[in-house]
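Only one structure is covered here, and it is reproduced in the block below.
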Amino acid sequence: MFDRQKKGERAVLVLPHTRGEGDTARRAEEFAELVKSAGAEVLGSIAARVEDPNPRYYIGSGKANEVAEMASALEADLVLVDHILSPVQERNLEKHLKVRVVDRAGLILDIFAQRARSHEGKLEVELAQLKHIATRLVRGWTHLDAQRGGAIGNRGPGETQLETDRRLLAERVKMLTKRLEKVQVQRGQQRRARLRNTVPRVALVGYTNAGKSTLFNALTSGEVFAANLLFATLDPTVRKLDDLSCGPAVLADTVGFIRELPHDLVAAFRATLAEARDADLLLHVSDAADDEREYLHRVVDRVLDEIDAGDVPQLRVMNKIDLAGTEPRIDRDAEGRPVTVWLSAATGVGLDLLRQALGELLGGERVQSELRLPLTAGRLHARLKAAGAIASENVDEEGWLLRIDAPRSVIAPLSGGSPAEAALLSELLGPVEQV
């Protein structure tokens, strides 16, 4: 075994690939961006073709020697492998290379730990990290063979440090799981409240670094952290979206997706993915200046299928047209419905087109009319008010005189199954002024 150095920001990258695998240059560039997002300095990289993974190192022994020579020559203190390694492979590589080894899953978890800001996000990331570490406790630590015990009244070999670590880790995982369940119950109650209010819900999804957070800030005047980094946003952020022809909506920013995202890490940002599953519409943001945008679009669709959000309607947003040299526009299907909006979130060009498309897709026809409600219709009045459908109201001895201004799709389901309330709404949803 070896004594690990406490530093770890000077890294050599190992880039495994298979014969005939396309897009190796793009994959290498993306992994380097991940490393940059984690705050490490890339000293060099080595490509390694892996047809039959070596059970000892994953890469071949000759390539492992080559990596060891480069790490020694460049005085690297960290080797990052663009693949998920088994605990045995990671341990063997560390013994052979004499430096710390981190695989793709460990690197992404480290980025998640840096990005998490909310209480829920921190709990989720710590839980994912502990589960990842649980299988790697026997790596190059020299203290794990130490034993406790032997004091008077407590004779015997005692408990090894490894057993102590495993027991403490299991207790911490159990405690975090309980705390996270409570937080998720609270978030679920908030989400159900939005459902009851019938406010349309929109979620931003897309490949990481496509400009989702920049678009979120531009639409909502929010202050979500946005930077040219992978996984710049981890925690879910929800804001009210105004100035739509359909009335107000709720917009949620989510974590960016990435190819070959380890399934075990999906739980580390479960909160943001829940926003995508529960949305009425997904804004699928793509980089219009990226030559591989169609491939990345399919990557995101596969992840959406994995989280049971594949059936949620989508509006594609082609962002960064200022870099692509494209004019802002709305592409429509054969029925005239918006399917793609071309814009630049950074410059603001085309944002009005996106608001127009959202109004069409979320609202349909709009109801603007007066409605007289008797005092016995208090529940219906409360539902209309909670849905934001009441523009103004007056109260007298006969009840409420309401001025309604809301999409028909918002008003229609508010009867709650009551025939009397449905009859009142039928008066409103008859011949009305539409805009």
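- Distance check, rounded to the nearest 0.5 Å: CG of Leu384 to CG of Leu425 gives 6.5 Å.
- In this structure, the separation between CZ on Arg293 and CG on Asp287 is 8.5 Å, given to the nearest 0.5 Å.
- Environment of CG in Asp291: sparse, with no more than 12 heavy atoms of neighbouring residues, nucleotides or ligands closer than 6.0 Å.
- For Asp331, the salt bridge (Lys or Arg N to Asp or Glu O under 4.0 Å) partners are Arg329, not counting sequence neighbours.
- Here Leu109 contributes atom CG and Asp103 contributes atom CG; the two are 9.0 Å apart, rounded to the nearest 0.5 Å.
- Taking every heavy atom of both residues into account, Leu371 and Leu424 meet most closely at CD1-O, 3.7 Å.
- Counting heavy atoms from C-beta on, the side chains of Glu90 and Leu93 never come closer than 4.5 Å.
- Residues Arg100 and Leu78 form a side-chain contact, since some pair of their non-hydrogen atoms from C-beta on lies under 4.5 Å apart.
- Here Asp322 pairs with nothing under the salt bridge (Lys or Arg N to Asp or Glu O under 4.0 Å) rule; sequence neighbours left out.
- What you find for Leu219 and Arg355 is that their closest heavy atoms are O-NH2, 2.9 Å.
- Glu327 approaches Trp342 most closely through the heavy-atom pair O-CB, 3.9 Å.
- Within the 4.5 Å cutoff, side-chain heavy atoms of Leu402 are placed close to those of Leu373.
- More than 12 non-hydrogen atoms from other residues, nucleotides or ligands lie less than 6.0 angstrom from CZ of Arg332.
- The pair Glu30-Arg104 meets the salt-bridge criterion, with a side-chain N (NZ, NE, NH1 or NH2) lying under 4.0 Å from an Asp/Glu carboxylate O.
- With rounding to the nearest 0.5 angstrom, the CZ atom of Arg316 is 6.5 Å from the NE2 atom of His284.
- Applying the side-chain contact (heavy atoms from CB on, under 4.5 Å) test between His17 and each of Arg27, Glu51, Arg49 identifies Arg49 as the sole match.
- In terms of modelled atom types and a separation under 3.5 Å, the side chain of Lys240 and the main chain of Thr220 share no donor-acceptor contact.
- Residues Leu13 and Ile46 are not in side-chain contact: their nearest non-hydrogen atoms beyond the backbone lie 4.5 Å or more apart.
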For side chain to side chain contact (heavy atoms under 4.5 Å, CB included), just list the numbers for Leu281 and Val312, CA-CA rounded to whole Å, side-chain angles, deciding distance to a tenth of an Å, and then say yes or no. CA-CA 6 Å; Leu281 178 68; Val312 180; 5.8 Å; no

I would like to know whether Val14 and Ile59 meet side chain to side chain contact (heavy atoms under 4.5 Å, CB included); could you show each step before the answer? CA-CA 9 Å; Val14 178; Ile59 59 176; 4.2 Å; yes

Derivation of the side chain to side chain contact (heavy atoms under 4.5 Å, CB included) call for Ile404 and Ile390: CA-CA 5 Å; Ile404 301 298; Ile390 301 177; 4.2 Å; yes

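- Annotation: side chain of Ile321 is in contact with side chain of Ser344 (closest heavy-atom distance under 4.5 Å).
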Would Val101 and Val81 count as a side chain to side chain contact (heavy atoms under 4.5 Å, CB included) if you check the C-alpha gap in whole Å, the side-chain angles of each, and the deciding distance to 0.1 Å? CA-CA 7 Å; Val101 174; Val81 182; 4.1 Å; yes

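- Nearest heavy-atom pair, Asp82 versus Pro16, reported as atom, atom and distance to 0.1 Å: O-CD, 3.8 Å.
- Scanning all heavy atoms of the two residues, the minimum distance from Thr18 to Val50 falls at CG2-O, 3.2 Å.
- Shortest non-hydrogen contact noted between Leu80 and Ala11 is CD1-CB, 3.9 Å.
- Counting only heavy atoms from C-beta outward, the side chains of Asp290 and Lys320 never approach each other to under 4.5 Å.
- Distance check: Asp77 CG to Glu41 CD gives 9.5 Å after rounding to the nearest 0.5 Å.
- Checked against salt bridge (Lys or Arg N to Asp or Glu O under 4.0 Å), Asp396 has the following partners two or more places apart in sequence or in another chain: Arg372.
- One finds the CD1 atom of Ile84 at 7.5 Å from the CD1 atom of Ile108 (value rounded to the nearest 0.5 Å).
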